[in-house]
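Below is one structure, written out as structure tokens, with a few remarks after it.
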Amino acid sequence: MNGWLYRGRFAPSPTGSLHFGSLVAAVGSYVDAHAHGGSWLLRIEDLDPPRETPGAADDILHALESCGLLWDETVVYQSQRLEAYHAALGQLLLDGHVFPCACTRKEIADSVLEPDKTPVYPGTCRDGLPPGRTTRAYRLRISDETFVFDDRIQGRVRQELAKDVGDFIVQRGDGCIAYQLAVVVDDAWQGVTDIVRGADLLDSTPRQLYLQRLLNVPTPRYAHLPLALNGQREKLSKQTLAPPITAYKEAVYEALTFLGHQPPISMRGAAPAELLAWAIANWDPAQIGKEHEVAVL
């Protein structure tokens with residue numbers, strides 16, 4: 001590969017057991033990594049204790065192993081990397097890219113003139129905290145430009161970050177480092193070259209591109225897979241009561257089928273390792289649909 005070493009990753013949050021939607025992302029990232037002769041890393045994104053389920057991280061590891069999805073290096077836990085995130089935040093503060101914010105979610109929501117529009121931070125604290133207010137969170141100062149990137153599955157993606165998102169949080173009011181900052185720091189530290197994940201994170205990518213630029217770290221290639229939805233067209237998740245994966249052979253077969261790579265019918269009862277080996281040998285991302293969402297239940 002002309003000296004290019006592929007390093008992919010799967011990074012679940014331990015908010016519940018592995019369900020079909022998460023399995024699709026895991027299978028897609030695993031097969032893509034090995035089809036390119038690369039490594040597949042596993043990172044547990046456990047930075048949000050209030051949302052986490054006790055024992056979920058171990059359940060996820062067990063389910064991945066049972067599905068034949070074996071990681072190539074030691075599992076990384078974000079909860080053990082706080083020092084690195086705070087160092088990155090400190091550098092952004094020092095460089096003038098981050099500012100303290102006193103605004104509550106309600107205040108930001110109330111500033112929206114169009115009722116159905118997603119709230120965008122109005123810049124209230126950009127030039128300093130209002131009199132009598134104290135810091136609740138820290139936000140990244142966004143430049144007024146259009147961010148463009150080429151996604152390997154979705155094609156060219158554009159987003160006006162200042163208009164569509166606004167200055168976004170990098171450290172929450174409860175002190176937790178925000179996902180956007182942590183994921184950029186970790187991807188750079190782990191040398192991740194390719195990110196294959198669900199299309200629910202497509203809109204987050206420009207924020208990560210901006211942080212990569214400010215922190216002077218490499219930008220990986222991106223590929224966003226279609227999301228698996230339930231019968232009510234809701235994303236499969238803990239909140240929508242998505243059932244955990246238990247029938248591992250069948251689940252891997254169905255995940256590959258969902259990704260446009262249906263193994264021969266004769267392999268329906270094959271072990272996960274055999275199914276994954278077939279997928280690696282036959283992998284073609286062009287067969288994956290560009291739909292952002294696909295109903296499966």
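Below, all heavy atoms of this structure are taken into account, side chains as well, without hydrogens, waters or symmetry copies.
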Q. side-chain contact (heavy atoms from CB on, under 4.5 Å) between Leu69 and Val252: does it pass, once the steps are laid out?
A. CA-CA 10 Å; Leu69 300 167; Val252 172; 5.8 Å; no

Q: Check step by step if side-chain contact (heavy atoms from CB on, under 4.5 Å) holds for Leu129 and Thr134.
A: CA-CA 7 Å; Leu129 296 177; Thr134 57; 5.6 Å; no

Q | Chi angles and distances behind the ring-ring contact (aromatic ring centres under 6.0 Å, His included) call for Phe10, Tyr30 | A | CA-CA 8 Å; Phe10 177 56; Tyr30 177 93; over 10 Å; no

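Here the straight-line distance linking atom NE2 of His97 with atom CG of Leu215 works out to 8.5 Å at 0.5 Å rounding. Distance CD/Gln212 to OG1/Thr219: 4.0 Å, rounded to 0.5 Å. With values rounded to the nearest 0.5 angstrom, Ile44 atom CD1 is found 11.0 Å from Gln80 atom CD. If you take CG on Asp150 and CZ on Arg156, they are separated by 4.0 Å, rounding to the nearest 0.5 Å. Between the SG atom in Cys125 and the CZ atom in Arg139 there is a gap of 8.0 Å [rounded to 0.5 Å]. Atom-to-atom distance recorded for Leu209:CG and Leu214:CG is 11.0 Å, nearest 0.5 angstrom.
For Asp48 and Tyr179, the side-chain atoms include no donor-acceptor pair closer than 3.5 Å.
Ring geometry for Phe258 against Phe20 counts as perpendicular: the plane angle is over 60°, on a 0 to 90° scale with 30° as the lower cut. Using cut-offs of 30° and 60° on the angle between ring planes, the pair Trp283 and His261 is parallel.
Taking the charged nitrogens against the carboxylate oxygens, Asp186 and Arg9 have no contact shorter than 4.0 Å, which rules out a salt bridge. Salt-bridge annotation for Asp194 and Arg221: present, with a side-chain N of the basic residue lying under 4.0 Å from a carboxylate O of the acidic one. Here Glu45 does not pair with Arg197 in a salt bridge; the nearest charged N to carboxylate O distance is not below 4.0 Å. Contact check on Glu107 versus Arg136 returns no salt bridge, with no Lys/Arg side-chain nitrogen under 4.0 Å from an Asp/Glu carboxylate oxygen.
Under the 4.5 Å side-chain heavy-atom criterion for grouping Ile, Leu, Val, Met, Phe, Trp and Tyr, Ile169 is not connected to Leu89 through any hydrophobic cluster.
In Asn216, the CG atom is not crowded: 12 or fewer heavy atoms of neighbouring residues, nucleotides or ligands sit closer than 6.0 Å. Atom CG of Asp144 sits in a sparse spot, with 12 or fewer heavy atoms from other residues, nucleotides or ligands closer than 6.0 Å.
The minimum heavy-atom distance between Ala26 and Trp40, with the atom names listed, is O-CZ2, 3.8 Å. When all heavy atoms are compared, the tightest approach of Asp32 to Pro285 is OD1-CG, 4.0 Å.
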